[in-house]
Every structure is written in structure tokens, then in C-alpha cells.
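Take a look at the structure below.
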Amino acid sequence: MQLKDSANSRIRSAHMDKKVKVRFAPSPTGDLHVGNIRTALFDWAYARHTGGTFLFRIEDTDTTRVTDEYIQAAIDTLKWLGLTWDEGPEVGGDNGPYLQSQRLDIYATWAQKFLDQKDAYYCYCTPVELEARREAQRAANVAPGYDGACRDLTQEQISDYKAQGRDAVVRMRMPDGSTTFVDQIRGEVSFDHKFVPDFVLVRGDGSPLYTLAVAVDDILMKVTHILRGEDLLSSTPRQIRVYQAMGIKLEDYPLFAHLPFVMGQDNTKLSKRNGEVSIAWYREQGYLPEAICNYLALLGWSPGEDRENVTMKELCELFTVEKVHSSPARFDMKKLEAINGDKIRALTLDDFLAWSLPFLEKAGVITGTQPEIDLVRSALPIIQERIVRLSEIPQMLKFLFVENFEVDADCISKITDDASKAVLKRALKELEALSQWNHDSIEGALRSSLIEELGLKPRVAFGSVRIATTGSTISPPLFESMELLGKEASLARITAALAL
RNA sequence: GGCCCCGUCGUCUAGCGGCCUAGGACUCUGGCUUCUCAAGUCAGCUACGAGGGUUCGAAUCCCUUCGGGGCUACCA
């Protein structure tokens, strides 16, 4: 099967008249991770860029590893990220069902057809036998793979195996020759069939494998572009083999584009060992969907023109497969944080409030009453440029809500010396006299008394007041914080500090 | 081992034969600003894996080599 440039251009031109349909087809054997999401994002962006269809399909043919919880989690994660699909679970479509476990009869029909056509055959080798032969191949330094033992079984041999009660798998016959296809990112890629052994389509128990289901579904669901991880690159010849057996015309083959990996810090495939990979974790940590998508989009792709910050809308406008490159990228948490900080700063007050409340409630800082929400709302502007993750909000605003206020243990010694006591005493006196309580009046009073009259350095003078009122050396701007805290509480805290 | 993919600052990238004494961003370092922390701003550090070609000219094209990764399942 040669699928060289001329064929590629035939497929491409055939596709020009067709509406683009891109699919994201994860196998939910765990929470969706960073790599899955980058793939989903590119799939989605390309579909949106071309005005095509984004199809979401669940590949749950491995029933021992896929669970309903993971399937639901995958659906939720995509929704949370805003990667909405046009065909798939929950929304339906003309090519469903979209769970492979609900399409078993379809795969069985095709497998039978391949058997009838002699494209596939029953293989009675047991896993133990296969493993032993592979071991021997390795020892003999021969490419391991199925040796074709059951390719041309006689009736006798078959009855013999059946009599032994052996299960048979359905195996695809790989003809001699090679498969060449044009990857839209990597260019022409070629595999000699010597290194693509006959592969299993249907298990001994009659259930289909990925190799069968993925190819059948992409064709039946009329997928035009397959953008997926590069780990699937070497399985492409098998997929193309199934298209052939299905009798699909060359121009109806989907176009392949294998995306580069997202690697961990230690330059191995991202896993739990070398960083947080579950999107659920990022959600809990207070990363915004738009920040995650923006950052992930930069892994293997670039908007160009020295630009990095893009909205989801801009991503859709700018994204093309041609600009994706072929080399793997390393995941960098620091940069994600920087982008998350940018996105948080760009939030409107209403949006920021909406994102903040769940974190404050979960941390037990507020219960959700209207007065609390009002206070949060007025406090958010002074912390907006000080956080990179939403999960930092409770810590920053806690001082406004705690009932039994206490100064951080490691800060107490910094305000118990004589000099600090003098500062606090004077501050208390000045503040008590204030008739107006806002950050201007507070600042005016403290500046004229502590800085001008006592001649103290601002950082020294305000530092003591900061610790006394907010409990820490690090806080939002002091005068605004005191305004939000209120006169009564501010004075009470300074008084309490003097008693330490 | 075999097959396949990949190789520009520490990291993500721009670059697609002359605009490159290689640009941007993150990180790091130093300065400014400053009530702390941030934010903002200025500056600095640091890269075309190596070796051969092709060419008047190469980060850009070719070859070799080295390095990294993936696959090699009745996983996907």
C-alpha cells in the first residue's frame, strides 16, 4: 500500500470539499491528564478553526481498565475546560452511539466480513505459547512479533484445536510490502510490514480491540482528521490495513497528524512520578480553564508574532495543524503559574468573585452569607494582582473573617519589643481619634504621626501595624486592609497586640 | 536488539538560504518603584548537540554520528 505525496494530495483535495470532522477519543483508564487534554484542545481548536465538527468518543473496549467513574470524569473535565463537542456522549449525533462498548455488534459484523474475505483468520495460539515464542525471537535477535503460525491452518488442525477447547482470536493478515502515509505534521512516514506483524482484532472472548474499533469508528463516524498522540504513530499502518479490508476508497481515509508528547521535568513521558498530571488536581489548585488551555496550547504550537497570551477565541482563529511541530515539549509548572496569574488579573470583578467563593467556602473562611460575599467583593481588588492560584485566596483574606484572631506564631516576637510597642501605642492613639475610616484617612494619620513626627522608616512603622492587624508580615496593602477590617476590629487587634 | 519519531537559551518557542553579532516568554540575577508581598518597569545571564558536505552565503538543504523518546500486548 503506497500512500505517497500524490495520494496524500488526492486525500487532501478530497477533504477540501468535505466538512472537517475531528475526534477526541480517549480511553478513560484514569483521570484525563495533561497530555490527553492538550490533544483534546488541539482537536477542538482545529474543529472550531475550520468551522467543522468536534466529535467526542469513548474508547472503552478495555473493560478491565475503563470504569464508569473515569468516563464521567472525562466528560466533566472537557465541559469544565469549555471544550464542547458537537457529537458524542450526552449530546448525541447521527453516528452514535459514542461509547464503543455500545457498538459491539458493529465490530463483530466487520470482523466476520474480514474473516469471510480472508483478510483475517482465526488464531488458536495461547498467550503462554505466544510469549514463549516471543522470548525465543528476542533470544535469537529477531524482531519479535506474531510468526503467522495460524495463518493457513488446515481443517484438521482447526478441529484439533477446537477439540482441545482453545479459544480463538481473530487476527488480521498483514500482506507483504509496506505502508506509507503522509503525516500532516511529520511528512511521509513508512513502515515495512516485516515490522508490522499480524495483529489481533478480536479477543478470545469475542470482544473487540482498539485496533479494530478505532478504525471502524473513524470511518463510520466520517472522521476526516485524526490528531492524536505520537505514541499511536506506529499503530497507523494497522489502522490503514483495516480501512483497506473495509473497502474504503483512498480519498475517504482520514488524514493523520501525530502530536508531539508532553514530557515531564525529567524528560520522560509525563506521569504521576514527575509532576501532577491529573486535570482534577489543577482545578482544585485554582487554575483557570483558560490558563490551562492557553499554556497547553503553547506546548507544540505557537501563535507566532512573539505572542503567547491568547483567549480561547483567538486560539480557535489562529490554530492550524501545519503550525504544530514535531518535537516534544516539557511541561513547566512555573510558566503555567505565570499565565494563570495573568488570566486571574484579567478577570472582571464579577467573574473573579464567582471563581473565588467556592475556594473560600471550601476552606471554611466564609459560609456564604450575603454580608460575607459583599466583603469578599470589596476585598478582591486588592489581592487580584497578588495571587497566581485561586487556592491562595483563603489565606490572603482569612484575616478579615476569623473570629478568634491571632498573630502568626513566628511574627509575635517582631512586635513585642519596646520600639514596636511604642509604634503601636502611638498608632492606636491616632486611629482612635479618626472620625472618617477609610484608607486615605488611615494613611494620613499614620504617616503624619509615625513617619513624620516619630521619624520612623515606613517599612518599620507600617510593618508593626501590619502584623498587629493582619497577623502576618505579608498582607494586602495595609491601609486598604484596615479599612475593610473596620475601625473597631482594627483597634481591638492593636490593643490585643500591645498586651502580647 | 529491531522499527519509527525527534534535536534553537535551564524551559516553551520565533526562525522555513542572506533581515540572525539568533527575537519573544517563563525561570534566575541585579536595578528602579514601593507600607510588606505582589504587580509594573529596566538591564543582565544563557542556545542553533557534534562532524562532514551543498552554496558566494546555512540555525535553515543533504549525509553521518551522538543524544532523547515512542512502539515492539488477546493496553490504548
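Just so we're on the same page: letters track the sequence lines, and every chain starts at 1. These numbers come from the heavy atoms of this one structure, side chains and all, not from hydrogens, waters or symmetry mates.
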Whole-Å [atom1] distance, [N] and [M]:
N     : M     : atom1 : result
B:C19 : B:U27 : P     : 31 Å
B:U33 : B:C42 : P     : 15 Å
B:G52 : B:U13 : C1'   : 29 Å
B:A22 : B:C48 : C1'   : 8 Å
B:U34 : B:G15 : P     : 41 Å
B:U65 : B:U72 : P     : 26 Å
B:A25 : B:U8  : C1'   : 15 Å
B:G44 : B:G49 : P     : 25 Å

Measure [atom1]/[X] against [atom2]/[N] and give the value in whole Å, please.
X      : N     : atom1 : atom2 : value
A:L336 : B:A25 : CG    : C1'   : 14 Å
A:K457 : B:U36 : NZ    : P     : 12 Å
A:R134 : B:G1  : CZ    : C1'   : 16 Å
A:L478 : B:U34 : CG    : P     : 17 Å
A:K194 : B:C71 : NZ    : C1'   : 18 Å
A:N294 : B:U13 : CG    : P     : 14 Å
A:L296 : B:U13 : CG    : C1'   : 15 Å
A:Y70  : B:A76 : OH    : P     : 17 Å

Contact class for [X] (heavy atom, under 4.0 Å): base, sugar-phosphate, or nothing?
X      : result
A:S475 : base
A:F479 : base
A:P476 : base
A:C125 : base
A:R228 : nothing
A:G204 : base
A:L232 : base
A:P458 : sugar-phosphate
A:P477 : base
A:V200 : sugar-phosphate

Worksheet, complete the sentence: Side-chain atoms of A:D231 come closest, of B:C74, B:G70, B:U36, to B:G70
Item to complete: Kindly point out which of B:G69, B:C37, B:A39 is positioned nearest to the side chain of A:R345?
Response: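 So the nucleotide nearest the side chain must be B:A39.
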So does [X] have more than 12 non-hydrogen atoms from other groups sitting under 6.0 Å from [atom1]?
X      : atom1 : value
A:F359 : CZ    : yes
A:E131 : CD    : yes
A:K323 : NZ    : yes
A:F401 : CZ    : yes

Under a 3.5 Å cut-off for both distances, is [N] Watson-Crick or wobble paired, and to whom?
N     : value
B:A22 : none
B:G44 : B:C28
B:G1  : B:U72
B:G7  : B:C66

Worksheet item: Nearest 0.5 Å, what's the OG1-CG distance between A:T416 and A:L424?
Response: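 Reported to 0.5 Å precision, the distance equals 10.0 Å.
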Discussion item. Could you check whether the side chain of A:R466 and the base of B:C35 have a donor-acceptor pair of N or O atoms closer than 3.5 Å, going by distance alone?
Written reply: yes
Worksheet item: Strictly under 6.0 Å, is that where the ring centroids of A:F114 and A:Y121 end up?
Response: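 Aromatic pair excluded; centres sit 6.0 Å or further apart.
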Practice prompt. For residues A:F181 and A:Y253, establish whether the separation of their ring centroids is below 6.0 Å.
Written response: no
Worksheet item: If the sugar-phosphate is the primed atoms plus P, OP1 and OP2 and the base is the rest, what is the B/S/- string for nucleotides 4-12 of chain B, using protein heavy atoms under 4.0 Å?
Response: SSSS---SB
Item to complete: Walk me through it: do A:E337 and A:K335 pass the test salt bridge (Lys or Arg N to Asp or Glu O under 4.0 Å)?
Response: CA-CA 5 Å; A:E337 283 181 1; A:K335 182 136 183 175; over 6 Å; no
Discussion item. Nearest heavy atom decides the nucleotide; on that basis, is A:D342 or A:Y124 closer to the 5' end of RNA chain B?
Written reply: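 Counting from the 5' end, the first nearest nucleotide belongs to A:D342.
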Response to the item:
When A:R238 and A:G304 are each assigned the nearest nucleotide of RNA chain B, the 5'-most assignment goes to A:G304
Discussion item. Check this one for me: any side-chain N or O of A:T61 less than 4.0 Å away from OP1 or OP2 of B:C75?
Written reply: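 Result: no.
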Worksheet entry | Side-chain N,O (A:R307) to OP1/OP2 (B:A25) below 4.0 Å | no
Worksheet item: Do A:R238 and A:F199 meet the cation-pi criteria used here (NZ or CZ under 6.0 Å from the six-membered ring centre, within 45° of the axis)?
Response: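 The answer is yes, since A:R238 meets both limits relative to A:F199.
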Item to complete: Mark yes or no: A:R38 above the aromatic ring of A:F42, with NZ or CZ under 6.0 Å from the six-membered ring centre and no more than 45 degrees from the axis.
Response: yes
